[in-house]
Amino acid sequence: MDFSFSSDQQLLKNSARAFLDEHVKPAQVRLLWDDPRGESEALWKEMAQLGWLGLALPEDAGGSALGLVETAILQEELGRAACPSPYLSTVLAAMAIDRFGSPAQKSRWLPAVAGGGARATVALMERALDWSPQSIETRAEERGGKVALSGVKQFVPWAHVADVILVPALSGSTPAVYVVEASAPGVSVTPLTTLDPGTRVAQVTLDGAAVAAEAKLPADALAFLLQRGAVGAAAEMLGAARRCLDMAVEYAKVREQFGQPIGSFQAIRHKCAEMLLEVENSHAATYYAAWALASGAEDGALAASVAKSYVSDASRKVCGDAIQVHGGIGFTWEYDLHLYFKRAKALEPLYGDAEHHRELIVRRVAS
Amino acid sequence: MDFSFSSDQQLLKNSARAFLDEHVKPAQVRLLWDDPRGESEALWKEMAQLGWLGLALPEDAGGSALGLVETAILQEELGRAACPSPYLSTVLAAMAIDRFGSPAQKSRWLPAVAGGGARATVALMERALDWSPQSIETRAEERGGKVALSGVKQFVPWAHVADVILVPALSGSTPAVYVVEASAPGVSVTPLTTLDPGTRVAQVTLDGAAVAAEAKLPADALAFLLQRGAVGAAAEMLGAARRCLDMAVEYAKVREQFGQPIGSFQAIRHKCAEMLLEVENSHAATYYAAWALASGAEDGALAASVAKSYVSDASRKVCGDAIQVHGGIGFTWEYDLHLYFKRAKALEPLYGDAEHHRELIVRRVAS
Amino acid sequence: MDLNLSPEDRAFRDQARAWFQRNVPRAELKTLEERRAWHRTMYDAGYVGMGWPTEYGGRGATPMQQAIAADEMARANAPAPINGLGVGFIGPTIIIHGTPEQKQRYLRKILTAEEMWCQLYSEPNSGSDLASLRTRAEDRGDHFLVNGQKIWTSGGHIADWGILLARSDPGVAKHKGISCFLFDMRQPGVEVRPLKQITGSSEFNEVFMTNARAEKRDLIGRLGQGWEIAQTTLGFERGGNSMARVTRYASAFDRLVDAAKKIERGGKPLLEDPVVRAKLGNVYAEMEVQRYAALRVLSALQKGASPGAASSITKLSYSEFEKRYYELCLEILGPYGQVTDGGLEETTLDVDSSSGVRSSWAYAFLWARAGTIYSGSSEIQKNVIGERVLGLPKEIRADRVAKA
Amino acid sequence: MDLNLSPEDRAFRDQARAWFQRNVPRAELKTLEERRAWHRTMYDAGYVGMGWPTEYGGRGATPMQQAIAADEMARANAPAPINGLGVGFIGPTIIIHGTPEQKQRYLRKILTAEEMWCQLYSEPNSGSDLASLRTRAEDRGDHFLVNGQKIWTSGGHIADWGILLARSDPGVAKHKGISCFLFDMRQPGVEVRPLKQITGSSEFNEVFMTNARAEKRDLIGRLGQGWEIAQTTLGFERGGNSMARVTRYASAFDRLVDAAKKIERGGKPLLEDPVVRAKLGNVYAEMEVQRYAALRVLSALQKGASPGAASSITKLSYSEFEKRYYELCLEILGPYGQVTDGGLEETTLDVDSSSGVRSSWAYAFLWARAGTIYSGSSEIQKNVIGERVLGLPKEIRADRVAKA
């Protein structure tokens, strides 16, 4: 039993940290916030070259065949950098295609994702504030060998830059996940402006959008996407929270009031101690879940729900407390703290909110 | 608009405080904890003589015709003393008889209550953890001019010393509140041992217990009892919390660690400040509700639910934090803090728990 | 104890309600001139500077009347008067501490908003520890030469005048060497830069003073009395915001309920979801308690009590509540609560948030983070409550130890 | 990162599970002798003092194996071994700091529970500030004369020996003048009184020492080294309780779910009430996180890391969780959760609560209040975390200021 990272995992973490510290400084994040597209093509290509996009994809698709722990390590670092990027949604969709897709789907999409030639996303929500398969209203109708999709998906991450969108829909009363090319006729994407300009979301309207009948994944892909999306989001929130904690502690060491560093006041030091506790627990929750899903442990799905619900609350608290520790400066746009605060907040309602995951937990443990 | 007590009200408060400080010291409370009956006949008689039992009853019944604010003032002081007494349940039942009862019922019970000759209680719960009229299962069946009650009431406060019990029951599908003499055949009372030996509760079994057909109050009495019970409980919890706060603050002033009074450490002073905030807010909530119900303000029922749900949470926090401020000594039986901690806790689930009152609030404000 | 309004107050409320219903501007006020005009309309009707003594242009209204007017303003969703700091505390400071000439010169134009005012207290390095401020005011005979930097200056960009705290004597203990000035913002040497907040908007400014002047005649009180003046609890505008604040929360609650009716979960409106209901019930209870507590404070003010250190309880209570409140709103609304543009009509906030700005739930959520920091952070309030209300012993602090 | 048990550990777990299933006493152990016999049975099977070096009668087991054994013990609802303090930290203290004679004399009888031990550290006036203790040990040639009072002495009434901290030199700085002794509890001059807690039970004692003796040969370490010895993190019994604690929480959770199936609200079992479900989901998540965090700590211990100040995070985390946990249980169970006698069979706890005592929900709820106080209160833990883990500057404290 070993809860620590292997040397390879630690190396991956260190190199990701070094790369992002150099190339995704807060100033770059701010440029991307103002960018209409919201992400950088150059950065995406670099991620591909670093092997990040194919990290968990098979070697024959140009990937490294690593697992969810490694992906979570990268996601934590991306969260720590508040890096605006469709990384999470793309990797998630690709993992689902890898797991559930046909050989044709895999060869169509996996090398493209691993090589940086394609971005992807998943459309888990509709108008209802719900992530259950029962809430799917989008219809899939057979029309002469093709399938026409009609419905509206809400809050789809990075849909405006996606080449492919995984769309849950009902054929009759049977749910499945359709692999929709974003360029297909009948697909339109309306970006929304939200709290965190580093996490873009959009409304995706499917107006008889045509996909090949075989371009679908089985309904099992739904739970797969929600669980792995939950862990990915938890990892990003963890990264954001750890960054906020680090900033708060550093500030508390140097900022003086009443003739002493504010970190020597119990109100501040105890708050920082509580923040550390939440961050360390979030670390345990996130990586336990990543490991459990990756290794097929029987409590993988449970752990994913635990991680998402716990880290949502913990990261909101930690990032918010970091503002309080900073006082006024933490409330300014120029200071970087809000980049991470907003990132953590933006991920709270994606891939199932805490309430939804708590209900999933109870279904598993209290039947 | 005047939120402060009138001089009469202040006088009542002061004299109640003085009386209880003298006659219901913690040592007396502890004696009553060990007493099988759990309350003192002598104390009850003194309360009658002080006019406490008839405080809100009409003058022709030997009462003072004062209102719910005055009753709440006394209840706060009783909570502050952790006084073991069927005061709340008795006064509550008497107020319902006064409001809804027939002349015969009033003359049978009100002078007896005011004079200290009768104790009363209300049986709001059955096996279900619910206070809605919908949850009543006890049946009232006509049998030759009489009514026979059958059912089991749970957690009835002070039922083992009550002379009369108000029992909600269904006649067909119509609820009413029956006025049951505890000595009637078919009524049996089984005391329970619980967390707070100062708040006795019992199971009341009605096995065809016979009451006169006219010995009932209309169904409206149910909401009346729940609302006024909620405010009374809030007042007691407020008193307990205020006592815990006072003890914590006094202790923090004198207890030294690391060469300084612990109240000079931010961890302790800030905790005390938060406790004061909760106590002051609880005061506002309790007395607003008492006034609103007494004066027939349109938000009386709402305010009662606000008070019970808010003060439940606040008093639990305050009393618990007081233990933490005290450290080890606060965890000992000999130190008096737990008398108040347990009193507040015992009242949480009586007269509707916080969850129930929150649902009542939403029904009123978000239709 | 009687929480009914007196007949006079009820009459006043009806009158105010009717007036605001009739007069509240239909269209959004865009320019400073439009806002100034609305301020002037309210002033003429007697709803600005209500607590000021009549001799200085006020109406000597009771705290209750002030609270009622502010509450009716919130109820009508009326734009706030401008020059709030001027009317709320700078004018009263001049009335209490100012010379006859200062009163003559400044007071009326504060009330009419003919001259706009800002507060020059906070500095980048003196947040909670305001007395450590470093802006200098050197005596140059007929004037003081002012050099330094201020921050969190609300309305600095539109201000004609500011009330300034500056260090006039660096040689004495830190609280003793501070003086208070009325300061011309329209002079060379004063540069005002907008300070953008995490909300994306810029309600505040930074103010840079380089060889600027404060005139001798504009010194308030005595030299070195600045700290004492800044600490005075000022007496005229007290009840004001207490009830109005809760009215604004209640208005947001109504919008929240509307949204909860329109958004579905599990095939039913959120409003029918018991978990959402439990949250709504909880937050509504907390909100009502803020209202009751406000009434209680108002009642004490009405009787002439000085709020003193107990106002720290109020500040702590509402600012911490407000933070929880909008967190909960966003929790209930999920991603709908985070949309700032392009979202569904029915899920936007679109009422005055507590900052008085029409905006989104996300804005209100972010803005609420400021409440526990400005005007004395929650930590400072708890210190004050512990020391001055509960009488707990003073903490051992470096600046006190050093002094001793 | 690999959280699977190694094949050896899995084999050990299966073996332990089988052993406890076979051997756990069917009836409740009532007398000390019955508990001692059960302790001895476990010791003979190798489940007591597992981490002790083999040369002293242990089996040199890894932290993981210790955790597994404790976990299986919790799973089987087995009574805890007695002499926990002796085995857990007094024995190890003797192993590290003791003389050969002390080891020879005391160690084996600790393991076998032939001699019972208690800890004589806390005093009424030295809670968090242990170093301020006042019990005196005066040098009288061949022995020390001991006078003073101790409190929170777990098992004091059945102890044959105690490990004692006492001030042997009142003339030096407070941390320097403390020495550590092995102390005979069965001598004249030692009076043990039960200390009743708010739970109603008396797990602890007060110990009064009047002209009692500590022999010179029973001094541990050097004179004046007592504080250092008491601060040492001891090395043999580390992983022990980490997983077992969560297993006990989980067992209480199962009972909670059972009760929630049987109690109804609104015509349905509580378990179908979405508000209850949300609470259950929340607390289960927190409980699981305690488990993951325990595994992480265990993994570090397994690699030979010293827990050091980071163990403050663990203590803070589980003790605060436990308090919230049983509060929530009582919130869900309402009045059913408060019954200590005469309640419904199906709504009582009746499993080992975290204190290891079979009891009611109310008992577990009350007992949980102790967790954030004993062994360093939550406030002390946060200080340690802030200073030693996060590297925040030391607080300005009276005893430090006085020294400087």
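Below, read A as the first sequence line, B as the second, and so on, with proteins coming before strands; counting in each chain starts at 1. Quick note: numbers below take in every heavy atom, side chains included, and nothing from hydrogens, waters or symmetry partners.
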> Only pairs of heavy atoms separated by less than 4.5 Å count here; which of C/Lys323, C/Lys174, C/Glu264, C/Lys196 has the most with chain A?
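It is C/Lys196.
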> Is it the side chain or the backbone of C/Phe365 that comes within 4.5 Å of chain A heavy atoms, both, or neither?
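Contact with chain A involves the side chain of C/Phe365 alone.
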> Which bit of A/Glu126 comes within less than 4.5 Å of chain C, counting heavy atoms only: side chain, backbone, both or neither?
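Just the backbone, heavy atoms under 4.5 Å.
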> For C/Asp254, give me all partners under side-chain contact (heavy atoms from CB on, under 4.5 Å), at least two apart in sequence or on another chain.
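Here no residue qualifies.
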> Are there over 12 heavy-atom neighbours, none belonging to C/Lys268, within less than 6.0 Å of that residue's NZ?
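No.
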> Around atom CZ of C/Arg324, are there more than 12 heavy atoms from other residues, nucleotides or ligands closer than 6.0 Å?
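Check passes, neighbour count above 12.
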> What part of C/Ile332 gets closer than 4.5 Å to chain A, counting heavy atoms only: side chain, backbone, both or neither?
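For C/Ile332, backbone heavy atoms alone lie under 4.5 Å from chain A.
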> Checking heavy atoms, do the side chain of A/Thr332, its backbone, both or neither come under 4.5 Å from chain C?
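Backbone plus side chain of A/Thr332, per the 4.5 Å heavy-atom cut-off to chain C.
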> Of the listed residues (A/Arg255, A/Glu334, A/His338), which shares the most heavy-atom pairs with chain C below a 4.5 Å separation?
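When all of A/Arg255, A/Glu334, A/His338 are compared, A/Arg255 has the most.
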> Could you please spell out the steps behind the side-chain contact (heavy atoms from CB on, under 4.5 Å) verdict for A/Lys345 and C/Leu330?
CA-CA 9 Å; A/Lys345 186 72 197 165; C/Leu330 259 67; 3.7 Å; yes
> Are A/Ile323 and C/Ile373 close enough that some pair of their side-chain heavy atoms sits under 4.5 Å apart?
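Touching, per the 4.5 Å side-chain cut-off.
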> Side chain, backbone, both or neither: which part of C/Leu366 has an atom under 4.5 Å from a heavy atom of chain A?
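Both backbone and side chain.
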> Which bit of C/Ser122 is near chain A, if near means a heavy-atom gap under 4.5 Å: side chain, backbone, both or neither?
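Looking at C/Ser122, nothing touches chain A.
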> By a 4.5 Å heavy-atom criterion (distance strictly below it), what part of C/Pro124 contacts chain A: side chain, backbone, both, or neither?
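Only the backbone of C/Pro124 comes within 4.5 Å of chain A.
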> Report yes or no: do A/Gln324 and C/Thr372 form a side-chain donor-acceptor pair below 3.5 Å?
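Judged by distance alone, the side chains do pair up.
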> Surrounding NZ of A/Lys317 (heavy atoms of other residues, nucleotides or ligands, distance under 6.0 Å), is the total greater than 12?
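Yes - once you tally the heavy atoms of other residues, nucleotides and ligands closer than 6.0 Å, there are more than 12.
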> Without swapping roles, check the side chain of C/Thr340 against the backbone of A/Thr193 for a donor-acceptor pair under 3.5 Å.
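Here the side-chain-to-backbone pair exists.
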> Are the side chains of C/Thr199 and A/Phe331 in contact, using a 4.5 Å heavy-atom criterion?
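Side chain of A/Phe331 against side chain of C/Thr199, heavy atoms only: contact under 4.5 Å found.
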> Using a heavy-atom cutoff of under 4.5 Å, enumerate the residues of residues 348-356 of chain A that contact chain C, numbered in order, or state 'none'.
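If one takes a 4.5 Å heavy-atom cut-off, the residues of residues 348-356 of chain A near chain C are A/Pro349, A/Asp353, A/Glu355, A/His356.
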> Can you list every pair that meets salt bridge (Lys or Arg N to Asp or Glu O under 4.0 Å) and has a residue in residues 328-337 of chain C, with sequence neighbours left out?
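Salt bridge (Lys or Arg N to Asp or Glu O under 4.0 Å) check on residues 328-337 of chain C returns A/Arg316-C/Glu331, C/Lys279-C/Glu331.
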> Find the distance between CG (A/Asp313) and CD (C/Glu327) and round it off to the nearest 0.5 Å.
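The CG atom of A/Asp313 sits 9.0 Å away from the CD atom of C/Glu327.
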> Flag the one option from A/Gly320, A/Ala267, A/Ser132, A/Ser135 with the top tally of heavy-atom pairs under 4.5 Å to chain C.
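Ranked by heavy-atom pairs under 4.5 Å with chain C, first place is A/Gly320.
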> Quick check on A/Lys342 against chain C: is it the side chain, the backbone, both or neither that has a heavy atom closer than 4.5 Å?
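When you check distances to chain C, only side chain atoms of A/Lys342 fall under 4.5 Å.
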> Rounded to the nearest 0.5 Å, what separates atom CG in A/Leu339 from atom CD1 in C/Ile198?
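One finds 10.5 Å between CG of A/Leu339 and CD1 of C/Ile198.
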> If you look at every heavy atom in A/Gln257 and C/Asp129, which pair is closest and at what distance?
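Closest pair (atom of A/Gln257, atom of C/Asp129, distance): OE1-N, 2.9 Å.
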> Pairs in or reaching into residues 254-274 of chain A: which pass ring-ring contact (aromatic ring centres under 6.0 Å, His included), with residues at least two apart or in two chains?
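Pairs touching residues 254-274 of chain A that pass the test: none.
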> More than 12 heavy atoms of other residues, nucleotides or ligands under 6.0 Å from CZ of C/Arg388: yes or no?
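Atom CZ in C/Arg388 is not crowded, with 12 or fewer foreign heavy atoms closer than 6.0 Å.
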> Out of A/Trp131, A/Trp333, A/Phe155, which one racks up the most heavy-atom pairs below 4.5 Å with chain C?
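Sorted descending by pairs with chain C, the first entry is A/Trp333.
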> What's the shortest heavy-atom distance between A/Ala346 and C/Gln338, and which atoms?
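Closest approach of A/Ala346 to C/Gln338: CA-OE1, 3.3 Å.
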> Given a strict heavy-atom distance threshold of 4.5 Å, which part of C/Asn383 is in contact with chain A: side chain, backbone, both, or neither?
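Answer is neither: C/Asn383 stays 4.5 Å or more from chain A.
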> Do A/Gln260 and C/Arg397 touch side chain to side chain, with heavy atoms closer than 4.5 Å?
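Sidechains of C/Arg397 and A/Gln260: in contact.
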> Side chains of A/Lys271 and C/Glu379: closer than 4.5 Å at any heavy-atom pair?
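A/Lys271 vs C/Glu379: side chains touch.
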> C/Lys382 versus chain A, heavy atoms under 4.5 Å apart: side chain, backbone, both or neither?
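Nothing of C/Lys382, per the 4.5 Å heavy-atom cut-off to chain A.
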> Step through the shown structure and confirm whether more than 12 heavy atoms of other residues, nucleotides or ligands are within 6.0 Å of CD on A/Glu137.
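No, the 6.0 Å shell around CD holds no more than 12 heavy atoms from other groups.
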